[in-house]
Structure formats: structure tokens, C-alpha cells
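Everything below concerns the one structure shown next.
Scope of the values below: all heavy atoms of this structure, side chains included, with no hydrogens, waters or symmetry mates. In this text the structure is predicted, and so the values were computed from the model without any measurement.
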Amino acid sequence: MNSIYLEHNPFTVESTFLVNGTEPAPGCKLSSYKEARLQLWVESLFSEIQALLNGETQLEVEFKGVESDFMDVQDAATKARESGMEISLRWQPVRATEDRLDEINALMEEAKLNPQFNDYIVNNEQVRNDFREAFNNDFNVYVVATMSSGKSTLINAMLGQDLLPAANEATTATIAQIIDDKTTGANFTARRFSSAGEEESLPEINVDTLKEWNQLPDTQEIELRGNIVAMQPRDHVRLVLTDTPGPNNSQDADHELKTMGFIKDSRRNPLILYVLNGTQLGTNDDKNLLGLVAETMQKGGKQSKDRFIFVVNKMDAFDPENGENVGAALQRVKTYLESNGIRNPQVYPVSAHLTRLLRKHPDSLTRKERGDVNTLTDLFLEEPTMNFPEYMPLTSRVRRSLEERGFTNVLKRSGLPAVEVMIDEYIDKYNVPTRLNRAYAALHRAIGLGMKETQLAEQLKKDEKELVLINDEITLLQERHKKGLNTEAYKEQLRREGKGLPAFIAERFTQEDMKFRRLLKELSNEISAQGEVDVNRAKIELENAERKLTFASNDLIGNFEIAFSDGQQHIKDELQKEYLKFIAEIFGEARTLALPLLQGLKESMQDMSLNLSLNDRDVKTKEERYNGREVSDSNWYNPFSWGRKRTEYDYRTVEYVDMNETWKEKRTIIESEFNDFRASALKKFESDKDKLVKNYLAFIEREFNEKFEALIGAMQEQLNNKEVREQTIAEAREQQRWIIDFKAKLDNTLAI
């Protein structure tokens with residue numbers, strides 16, 4: 001039996017591998033996993049070990065790490081066993097992640113008690129922003145679906161009351177953000193934000209008022225705050241559930257962009273509940289959205305897959321007594337998802353309707369709802385195939401939690417509670433460790449930068465002769481500083497160097513350009529090949545093309561925004577290097593430079609026109625034969641014509657559209673718009689880069705000069721006044737002791 005030891009630290013993203021007590025050779029595939037997140041390589045772990053051991057199949061594995069990572073190793077081991085391997089697996093637990101967050105929070109409060117550190121936080125906006133981001137406990141779950149999936153019913157089931165309007169027509173036209181607040185009792189407060197920036201608030205909201213708000217044309221977003229009963233109380237996480245409008249059901253074109261942005265957000269990795277109608281698959285809107293999901297899922301390991309939960313709703317519509325098979329229906333869903341690029345999809349059948357009815361207060365049920373509760377309860381308890389969690393790929397941890405929460409059998413079988421427990425598991429696995437890392441990094445950076453004066457104070461521990469030399473050096477540095485900033489050459493050099501488009505941005509522009517033109521070519525081939533068609537057919541074809549191009553355009557905008565955000569960070573990093581180089585002779589480490597964010601591109605992008613509606617000049621007329629019939633063509637005077645027949649037609653004028661000719665004109669317009677859009681985007685990027693360089697130069701001339709002179713003045717006073725110098729040295733030594741002790745406690749929060 002081969003012995004395997006695996007240790008993974010999700011906070012520092014470091015792994016240790018021992019195979020029969022020995023580390024794998026540096027060139028081995030396992031060695032390349034040492035500094036990668038476990039979810040990126042765990043699915044291939046056991047095949048790599050087997051290859052390393054020349055096909056050996058018997059393994060005794062010990063894993064040290066957090067429970068959520070162990071669950072992934074356990075799942076990988078189960079699949080390896082299915083391929084014939086014999087694996088014994090043991091888990092060595094480590095401190096829970098949420099306990100570590102408690103430690104970080106306590107250290108933050110301790111650090112604020114240090115006067116020097118606290119002054120640094122108070123006077124540094126960038127550091128305050130870092131802390132706000134690091135200690136923000138919001139976790140986003142976005143509910144995405146197309147029409148008639150029962151999305152509003154599902155959200156109401158999670159809320160435990162009928163708050164969102166639900167009907168057989170589209171009901172969500174705005175983005176509704178629901179914030180979990182366990183302090184509000186059974187009521188939900190609400191705020192409505194208009195497109196003009198106005199706000200309307202209500203201390204208590206009901207479904208009728210919410211429906212009115214939703215139908216107001218100027219409603220931009222609705223925020224609800226109350227107890228989401230589906231989620232367990234947590235000290236470090238606040239759930240923010242967002243109900244997104246369907247792609248063809250929005251009052252604002254920007255909403256589809258936002259929904260696509262939620263899906264593509266690889267920085268925060270929010271959880272996406274993609275709700276499908278189990279009884280009706282295959283709309284064009286689904287195809288577009290699922291294509292985007294498939295592309296996103298393929299970009300990054302297990303987390304990219306885990307953050308998409310495909311919830312198959314309305315499964316209570318299947319009746320096994322009538323020969324309707326739940327398993328077969330789910331297989332159709334999987335096949336449908338695979339046909340849209342979702343590899344090995346994991347689907348989760350639910351009856352949101354049943355969950356909602358079971359969670360509503362009995363006194364609020366209508367007569368019909370009481371009948372539905374009784375009928376569905378009998379069906380789900382009596383029919384073995386209606387136990388939905390049995391169809392779900394749940395981890396043992398989720399199954400254990402599902403049992404521990406005390407749900408009734410029928411509520412468990414409805415499926416949605418299992419999905420809700422999975423949300424908790426995702427939070428534990430990904431969100432909490434990420435937040436711990438952010439908090440650690442912000443605190444560690446602030447301690448290091450905020451305490452740099454203690455390093456400078458070490459220079460004061462010199463004899464008088466050396467102090468005179470230091471004084472001379474300070475004078476020299478002052479002269480260098482003035483000479484450097486008083487020349488226009490430095491500023492002009494920065495402006496010149498700041499004008500080049502980063503290579504990776506240019507490459508992304510090229511890729512997006514090719515992707516859009518490829519779609520345009522495909523549409524051209526499809527439409528032009530149709531030749532002459534009737535007006536109704538032409539309208540349908542052009543509407544479909546417009547939908548595809550609109551979705552592709554929004555995808556393009558989203559990808560450009562991501563590219564520009566990355567480009568912004570690149571420029572900031574380059575200016576930071578320039579800043580460090582500029583002051584390297586004065587400071588050992590520079591503080592984080594606070595630069596403004598680049599402006600978004602939406603104002604220039606939204607002008608791109610994709611209106612493919614038919615114009616009057618596209619409709620032409622032609623003579624068309626119809627009502628063909630055979631008539632006699634014989635003449636009494638011509639015996640050879642007797643019995644001869646001919647076909648006779650009526651004639652009418654019909655409207656038609658030459659698709660080839662019409663599309664040529666429209667394609668020219670689209671290409672022209674796209675080229676203008678691309679050019680304006682590049683121009684905007686250049687403009688924003690120039691602004692960034694300008695802001696940097698303003699920072700150098702304003703804030704840096706002031707801080708430089710203040711520090712130099714303080715140093716000279718300490719050098720020239722022995723009493724002040726000795727006091728400064730004593731304070732620095734005390735601060736150094738505090739820093740060393742504090743950093744040790746801080747580092748311990750990430751240790752396993």
C-alpha cells in the first residue's frame with residue numbers, strides 16, 4: 001500500500017505532497033500544484049499519483065486541511081475508485097476559517113489601539129478603502145433565468161413569504177436586491193431607486209406595492225431588506241440575493257449588461273443560481289445566456305464550475321403514475337445543457353412551488369393552495385421517485401447538514417432546501433477563505449507601511465560623526481528632489497511613456513474584434529442564403545439576428561470593461577513602479593499610491609446601434625402566380641387539340657424581401673457602427689491613461705512634496721536635538737517590538 005500525505009493551505013495557497021515519505025521530483029506534475037488552489041487540480045490528483053507510481057492502484061491517503069477542501073478530495077477519491085483504484089482516505093482537521101476571521105477582527109481592534117497605526121488609518125483614504133473592502137461581509141447570489149422558469153416563486157420560497165410578484169407572464173423588469181437581515185422579524189423594508197437618482201423608501205413592503213414599483217418605467221433598482229428564512233444566521237456573512245430580469249424582460253438595456261457582468265465576474269466569483277423550467281427547454285434567450293455561462297465555466301478550474309448551480313424547477317409537474325419519469329426528464333435537461341457547451345452539467349431538481357407552500361403561514365394559504373399542499377405532500381411522500389435530493393450530486397457534508405437542520409421529510413424532498421445548504425457550503429469553501437485573505441493582506445500591508453517610521457528611526461542610533469554625514473546626505477537628497485521635480489523633462493517622459501497601448505489590451509481588442517466579425521459572417525451566410533422571402537419571414541429572421549447581435553454586443557461591452565479594468569490596474573502598477581523608483585533613495589518602501597479609477601466606457605458603448613427593423617425601402621413587390629388549375633385547351637376546329645389541357649393561373653401582387661440585398665445594406669451599417677465603437681473605445685482608453693498620468697504628476701507635485709518636506713524636517717530636528725533623538729529611538733524600539741509580536745499573531749491566522 002502506497003502512503004500519500006497531502007496538506008493544503010487555502011489561505012496562503014500552498015500545498016505539500018509526500019509520496020511514501022518523499023517529496024515528488026521538481027519536474028513532476030504534482031510539484032507544479034504546490035502554489036495553486038486545490039480546486040484547480042484536485043480532479044486530476046489521483047490519476048497523476050497513479051501515473052507517478054507506474055500504475056499502482058492501492059493508496060493510503062492522509063489529507064490535512066479545511067473540511068470543504070477535504071470534501072473535494074473525497075469526491076475525487078470516489079471517482080478514482082470507480083475507475084478501479086483502492087483508496088483509503090483520512091482527514092486531519094485544522095482550525096475553522098470563521099474562527100480565523102474572529103482572530104483577524106480582534107487583531108484589527110488591537111491595532112487601532114496603537115496611536116501611530118490609528119493615525120495612519122485616519123489619514124490614509126486608500127487604506128480605509130482597503131479595510132472596507134476586506135471586512136465587507138456581503139456574499140452575492142444572483143438568480144438568473146429566462147421567462148416562465150418560476151424564478152420569482154423560487155425566491156419567494158427562499159424568503160418564506162410571497163413578496164415578489166409571480167405570475168405566468170414576465171414579472172421581473174428591474175433588478176431587485178434582497179439583503180438578508182435577521183433583525184427585521186417577518187417584515188421587509190424597501191427602497192426604490194429611479195433612473196434619475198431619486199430614492200423612495202418604505203418601512204414595510206408588500207407584493208402589490210412591489211409590483212407597482214416594478215412596473216414604473218423609471219425604476220432602476222429595488223432594494224429589499226429582511227429575513228431570508230432559507231439561510232442560517234452567520235456571524236461573518238450576510239447574504240445578498242439578487243433577482244435579475246430575463247434578457248427580453250427588462251425596462252433598461254443596461255440590466256442585461258449587468259446580468260452578463262454577474263456571470264463573468266471572476267474577481268468576486270459570486271454564486272449563480274441558473275433556474276430552468278423542467279417542462280420547457282430550448283429558448284433562444286437560454287441559448288445565448290448558456291453560451292456565456294459555458295465560456296465562463298471553462299476558464300478556471302473547479303470553482304468556475306461550482307459557482308453555477310443549475311436548478312431545474314417545476315419538477316412537481318411530472319406524475320410518475322402517468323408514466324412520466326423524473327430521471328428521464330433530468331437527462332433531457334443534461335443533454336440540453338451539454339448541447340449548449342456546459343460540460344458534465346450538475347443539475348438540481350426542485351419544486352419551488354411546494355417549498356413555498358410549506359413555508360407560508362398556514363393562515364395565509366388560499367383554498368387552492370391548501371389543496372395543492374395536500375396533493376403534493378401525498379405525491380412526494382408516497383412516490384419514491386419524487387425524492388429530489390437523491391438525484392443531486394451532493395457532498396456528504398451537505399447531506400449531513402440537510403439532516404441536521406430538522407426539515408420535515410416532504411420539505412427535504414422538495415429539493416430547494418438542499419440547494420440552500422449548498423449555498424452555505426460554497427460560502428465556506430470559497431467566500432470565507434477569500435475574505436480571510438483580503439483581511440490579512442490589508443492588515444499586513446497597513447502595518448508594514450504605517451510603521452515605516454520605526455525603520456527610519458534606526459538611523460538615529462549612530463555616533464555624532466555619522467549623524468553629521470546623515471545630515472549632509474539629507475541636504476543632498478533635498479537638492480536632488482528639487483532638481484528632479486523642477487525639470488519638465490521628467491514630466492514629459494512620463495506623458496510620453498504613458499501613451500503606449502499595453503500589449504495584452506491590444507490582444508484582447510483583436511480577439512473581441514475577430515469574435516464579433518465571425519458572428520457577423522455566420523449571420524450573413526445564414527440570411528443571404530435565404531434569397532427572397534415573404535415579409536413576415538423576413539421580420540422573424542431579422543429579429544433573431546438582432547437578438548443575437550445585441551447579446552454579442554453586450555458580451556463585447558462586458559469583455560471590454562474587464563479588459564479596461566485590467567488595463568487600469570496595469571497602468572497603476574507601472575506608475576507605482578515609477579513612484580518607487582523615484583523615491584527609492586529616500587524611503588525603503590513607498591506607501592500605496594491612491595489613484596482614481598478609470599471611468600467606465602458605457603456612455604460611448606451604449607450609442608452602438610443594432611436596430612435591424614425593416615425599413616419601407618426593404619419591402620418590394622413582384623407578380624406571383626397562384627391558384628393553378630387545369631383547363632381545356634382544345635378547339636372544335638382543330639382535331640389535334642381535342643382532349644388537350646393547359647394550366648391556368650390567377651395573378652396577384654405580393655410583397656417580398658430580398659434577404660441578400662437587405663442584409664448587405666444592414667451589414668454595412670453594423671460594421672460601420674462597430675468600427676466607430678472600437679475606435680472610440682481605444683480613444684477613450686488613451687484619454688483615460690493620459691488622465692491617470694496627469695493625476696500621478698499632480699500627486700507628485702502636491703502630496704509627495706508636502707510629505708517629503710515634513711519627513712525631512714522631522715528627521716533634521718531629531719538629528720540636531722539629542723533629547724528628541726533619544727526619545728525617538730526609545731519609541732521606535734517599542735514600536736518594533738509591537739510590530740514583531742503583532743505580525744507573528746497575524747501570520748498565525750493563516751497557518752494550518
Side-chain angles (χ1 to χ4, degrees), residues 7-15 37-39 63-72 91-114 117-118 121 127-141 179-183 227-228 231-241 265 267-271 303 306-307 395 397-398 401 404 420-448 450 738-739 741-752:
E7 179 179 305
H8 180 71
N9 187 326
F11 317 115
T12 60
V13 194
E14 296 173 334
S15 298
R37 181 167 289 282
L38 179 138
Q39 282 70 31
F63 174 79
K64 181 180 181 182
V66 299
E67 184 178 13
S68 55
D69 286 341
F70 174 67
M71 292 293 126
D72 284 339
W91 174 42
Q92 189 180 140
V94 297
R95 214 155 73 252
T97 309
E98 293 202 347
D99 292 343
R100 299 166 188 268
L101 273 174
D102 285 334
E103 295 170 17
I104 286 272
N105 285 324
L107 285 173
M108 181 67 184
E109 295 306 312
E110 178 184 334
K112 288 179 180 177
L113 297 176
N114 184 297
F117 178 76
N118 194 56
I121 296 175
V127 171
R128 292 199 305 275
N129 289 338
D130 285 349
F131 281 138
R132 274 195 294 269
E133 174 69 17
F135 289 94
N136 179 10
N137 64 354
D138 285 348
F139 173 70
N140 294 99
V141 175
I179 299 172
D180 190 19
D181 187 343
K182 302 299 185 187
T183 67
N227 180 20
I228 301 177
M231 303 311 297
Q232 298 292 302
R234 303 177 72 115
D235 292 335
H236 301 291
V237 179
R238 183 178 72 172
L239 183 73
V240 180
L241 193 66
D265 188 350
R267 184 180 66 85
R268 295 182 305 128
N269 286 312
L271 191 64
Q303 183 172 6
D306 285 352
R307 80 180 190 90
T395 65
R397 184 187 185 197
V398 169
S401 297
E404 291 173 349
E420 294 160 354
V421 175
M422 283 182 59
I423 294 174
D424 265 331
E425 184 182 53
Y426 185 91
I427 290 170
D428 288 338
K429 184 186 293 186
Y430 297 115
N431 180 256
V432 177
T434 300
R435 287 183 41 238
L436 177 65
N437 281 343
R438 286 204 312 262
Y440 170 88
L443 196 50
H444 192 275
R445 184 168 57 249
I447 290 294
W738 184 87
I739 290 171
D741 178 60
F742 188 88
K743 282 188 173 180
K745 289 187 284 188
L746 187 59
D747 289 341
N748 187 55
T749 62
L750 301 191
I752 66 167

How would you list, by chain and number, every residue that makes a salt bridge (charged side-chain N to carboxylate O under 4.0 Å, His left out) with [X], sequence neighbours excluded?
X: Asp180; answer: Lys182
X: Asp99; answer: none
X: Glu425; answer: none
X: Glu14; answer: none

**Request:** Please name the pair of heavy atoms, one in Trp738 and one in Asn114, separated by the smallest distance, quoted to 0.1 Å.
**Result:** CD2-ND2, 3.4 Å
**Fill in**
In short, Ile179 meets Ile228 closest at the heavy-atom pair C-CD1, 4.5 Å
**Item:** salt_bridge(Lys745, Asp741) N-O dist < 4.0 Å
**Value:** yes
Side chain to side chain donor-acceptor pair (under 3.5 Å) partners of [X], counting only residues at least two apart:
X: Gln92; answer: Glu62
X: Arg234; answer: Glu98, Asp424, Asp428
X: Lys112; answer: none
X: Asn748; answer: none

**Listed partners of Asn136 passing side chain to side chain contact (heavy atoms under 4.5 Å, CB included), at least two apart** = Asp138
**Message:** Just to verify, what does Asn9 make a side chain to side chain contact (heavy atoms under 4.5 Å, CB included) with, not counting sequence neighbours?
**Reply:** Phe11, Thr12, Ile752
Measuring from atom [atom1] of [X] to atom [atom2] of [Y], what distance do you get when rounded to the nearest 0.5 angstrom?
X: Lys743; Y: Leu107; atom1: NZ; atom2: CG; result: 13.5 Å
X: Trp91; Y: Met71; atom1: CH2; atom2: CE; result: 6.5 Å
X: Glu110; Y: Asn105; atom1: CD; atom2: CG; result: 13.0 Å
X: Ile104; Y: Leu746; atom1: CD1; atom2: CG; result: 5.0 Å
X: Ser15; Y: Lys64; atom1: OG; atom2: NZ; result: 13.0 Å
X: Leu241; Y: Ile423; atom1: CG; atom2: CD1; result: 7.0 Å

Quick one: does [X]'s side chain get under 4.5 Å of [Y]'s, heavy atoms only?
X: Val421; Y: Glu404; answer: no
X: His444; Y: Asp747; answer: yes
X: Asp306; Y: Leu271; answer: no
X: Val66; Y: Pro433; answer: no

**Request:** Using ring pair (Phe, Tyr, Trp, His ring centres under 6.0 Å) as the criterion, list what pairs up with Phe63, not counting sequence neighbours.
**Result:** none
**Asked** Where the side chain of Arg95 meets the backbone of Arg100, is there a donor-acceptor pair that is under 3.5 Å apart?
**Response** no
**Request:** Take the angle between the ring planes of Phe139 and Tyr426 and call it parallel below 30°, perpendicular above 60°, tilted in between.
**Result:** tilted
